[in-house]
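Numbers for residues simply follow the sequence, beginning at 1.
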Amino acid sequence: PVLASSGLSWSRTGGAAFAAVAVADPAAGAFLARCSKELARSVGPMAKVYVEEAVRRLAPDATFTLAQAGALVGELAGQVEGAADRAAFVEAMGVKVR
């Protein structure tokens, strides 16, 4: 498969950069960017870190594909404390949560 950069930059404290999360295509990268943006409405700037960690758990040795979108959104929803905010995040993402 063709790999594309997610377009998101990830960094650790101290300036050492994480490698970009591998995605199967530009649509998967755009989905990750949207996840980060929507999740940030509830959890703030930690959203990028949560997205990266969730992707690495879901696809530790592979690339992220849109086929994993429902599982990713379900995983990320667990980071949102309030039930109403959690439901709003899931709805905004527009995928069936697994």
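Sequence neighbours left out, the pairs with a member in residues 33-45 that pass salt bridge (charged side-chain N to carboxylate O under 4.0 Å, His left out) are Glu38-Arg41. Screening residues 64-73 for salt bridge (charged side-chain N to carboxylate O under 4.0 Å, His left out), with sequence neighbours left out, gives no hits. Residue pairs meeting the side chain to side chain donor-acceptor pair (under 3.5 Å) criterion with at least one member in residues 89-98, sequence neighbours excluded, do not occur.
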Could you list the donor-acceptor pairs under 3.5 angstrom formed between side-chain atoms of residues 82-89 and any protein atom two or more places apart in sequence or on another chain?
residue: Arg86; atom: NH1; partner: Val80; partner atom: O; Å: 2.3
residue: Arg86; atom: NH1; partner: Glu81; partner atom: O; Å: 3.3

Show me the donor-acceptor pairs, under 3.5 Å and distance only, between side chains in residues 64-75 and residues at least two apart or in other chains.
residue: Thr65; atom: OG1; partner: Ala67; partner atom: N; Å: 3.4
residue: Gln68; atom: OE1; partner: Thr65; partner atom: N; Å: 2.8
residue: Glu75; atom: OE2; partner: Arg57; partner atom: NE; Å: 2.5
residue: Glu75; atom: OE2; partner: Arg57; partner atom: NH2; Å: 2.7

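The nearest pair of heavy atoms linking Pro60 to Leu58 is CD-C, 3.5 Å. Residues Ser36 and Ala47 share a closest heavy-atom pair of O-CB, 3.4 Å.
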Inset, instruction - Check the pair Thr63 / Val23 against side chain to side chain contact (heavy atoms under 4.5 Å, CB included), numbers first and verdict last. - result: CA-CA 5 Å; Thr63 59; Val23 297; 5.8 Å; no

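Here Lys48 does not pair with Glu52 in a salt bridge; the nearest charged N to carboxylate O distance is not below 4.0 Å.
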